[in-house]
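First the proteins, then the strands, lettered A, B, ... as listed; each starts at 1.
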2 protein chains.
Amino acid sequence: MTKDFNANALRVILRRMSEPSDAVPRPAEPSLEEQIAAYQREFQDLDPQVEKVVSALQRLNRRMNVAYGRQTATLGISNAEWEVLKALVVSGAPYRLGPGELAKRLGLTPAAMTHRIDRMASEGLVNRERDENNRVRVIVELTTEGREKWLEAMRLASVFEEDLLQDLDSRERGLLGDVLTRLLRRVEDAQPDAEGRLTDLD
Amino acid sequence: MTKDFNANALRVILRRMSEPSDAVPRPAEPSLEEQIAAYQREFQDLDPQVEKVVSALQRLNRRMNVAYGRQTATLGISNAEWEVLKALVVSGAPYRLGPGELAKRLGLTPAAMTHRIDRMASEGLVNRERDENNRVRVIVELTTEGREKWLEAMRLASVFEEDLLQDLDSRERGLLGDVLTRLLRRVEDAQPDAEGRLTDLD
DNA sequence: GCTTCGAACTTTAGAGTTGAAGTCTTCAGC
DNA sequence: GCTGAAGACTTCAACTCTAAAGTTCGAAGC
């Protein structure tokens with residue numbers, strides 16, 4: 001190893017020059033404003049108003065999912081399992097659905113559903129049994145324990161959600177809910193073409 | 001096999017009785033209104049106004065991600081890869097970040113980042129090289145091709161997003177952006193406690 | 001009744017993620 | 001300089017999801 005006597009010191013200096021003010025750890029990602037400004041620099045046609053809505057929507061959802069994940073983890077379940085519990089509760093008493101129907105509602109493949117039900121059955125959250133009227137079909141039924149877990153998760157979630165919306169008064173909450181519902185209907189009703197463009201169904 | 005002569009016919013009748021009106025295929029999941037009504041039946045303390053906002057947010061985001069996925073697929077990349085391209089573009093010229101920094105910005109583990117960069121480097125979307133000033137570090141740099149891909153994806157996405165917000169006038173878009181930003185700030189600034197409750201930092 | 005088609009679910013193989021352990025480089029003290 | 005500790009990334013094993021093939025049962029035609 002033939003090195004110049006100060007090569008090491010030089011490297012250190014160069015490195016420090018390249019990142020001089022890193023003493024205070026920065027946030028995990030740039031702020032929304034910085035992000036949109038960067039997009040505009042690189043893509044002139046961007047409508048900043050539209051981008052603000054869309055980016056905020058995406059970030060908000062990611063943060064919320066992290067928060068839900070922390071909550072469900074304290075109950076010993078995952079967000080994925082909570083989704084299944086929710087679908088069964090929404091289906092109403094007697095809280096029974098087939099794997100295929102569950103998969104459709106959760107937007108999963110039937111194969112993934114099989115595995116989730118395996119896990120949840122072994123944890124006692126659901127029962128899996130064959131339909132005696134049609135032995136090809138399977139019935140997934142919420143257990144009492146599963147229903148309790150849903151309720152606990154719901155209690156935690158509703159506290160978090162109330163905290164989240166704390167700064168909005170009732171009028172603002174109503175307006176927000178209505179606007180989001182309109183957007184949702186637009187995505188759900190319109191048939192996107194090959195490029196994903198939404199075509200009107202007027 | 002000793003069977004009653006009409007056992008099969010009886011089973012058919014029973015099965016039909018248990019699902020009489022399934023001729024018309026139902027939508028994949030219950031409507032937002034049905035979902036909230038079901039929650040309220042099972043959990044009295046629920047605030048339907050809050051739940052409407054939260055559920056609409058979640059559904060909207062899921063649908064949007066499906067739409068983005070269809071678009072990026074037409075470009076031969078995945079949503080995951082698009083996320084990396086976005087982070088690099090947002091970082092600004094010369095479009096270089098380390099794997100660790102990228103992982104933080106995307107909310108991934110460093111291990112997952114390593115694999116993503118493997119793929120994207122083999123597809124020519126990024127270059128991976130060692131930092132000569134500090135040979136522990138790695139620099140991921142956007143290639144020209146990667147930058148083009150980002151631009152194409154952006155063009156598609158902005159059309160979709162404009163379609164999505166089509167029914168909102170400029171005033172509504174502005175208000176929606178502001179409200180969502182307020183919610184986002186609430187999640188980002190507040191430190192959630194063990195149960196995920198947001199504690200004020202006033 | 002027998003056979004074939006179709007429906008509902010499961011199994012398998014492959015891709016992507018996480019958490020933990022491992023490797024290599026740099027930093028700090030002696 | 002040498003040595004141990006810390007940092008940045010990678011590797012490994014286990015897990016979850018998708019797509020496709022496989023299995024089992026029921027329905028319809030002969």
> What's the shortest heavy-atom distance between A:E29 and B:R105, and which atoms?
Replying inline: OE1-O, 3.3 Å
> What residue pairs, at least two apart or across chains, pass side-chain hydrogen bond (donor to acceptor under 3.5 Å, both in side chains) with a residue in residues 108-121 of chain B?
Replying inline: B:D118-B:R128
>> Ignoring hydrogens, what is the shortest heavy-atom contact between B:R135 and B:R130? Give both atom names and the distance.
In response: O-NE, 2.8 Å
>> In whole Å, I'd like the distance from the CG atom of B:L97 to the C1' atom of D:dA8.
In response: 15 Å
>> Quick one: does any side-chain atom of A:N79 pair with a main-chain N or O of A:N65 as donor and acceptor, under 3.5 Å?
In response: yes
> Where the side chain of B:L108 is defined as all heavy atoms beyond and including C-beta, which of C:dT17, D:dC17, D:dG26 is the nearest nucleotide?
Replying inline: C:dT17
> How would nucleotides 1-16 of chain C be written as a contact map, 5' to 3', with B for base contact, S for sugar-phosphate-only contact and - for no contact, using protein heavy atoms under 4.0 Å?
Replying inline: -------BSBBB---S
> Does B:Y68 have any ring pair (Phe, Tyr, Trp, His ring centres under 6.0 Å) partners at least two apart in sequence or in another chain, and if so, which?
Replying inline: B:W82, B:F160
>> Just the rounded figure in Å: distance from P of D:dC17 to CG of B:N79.
In response: 17 Å
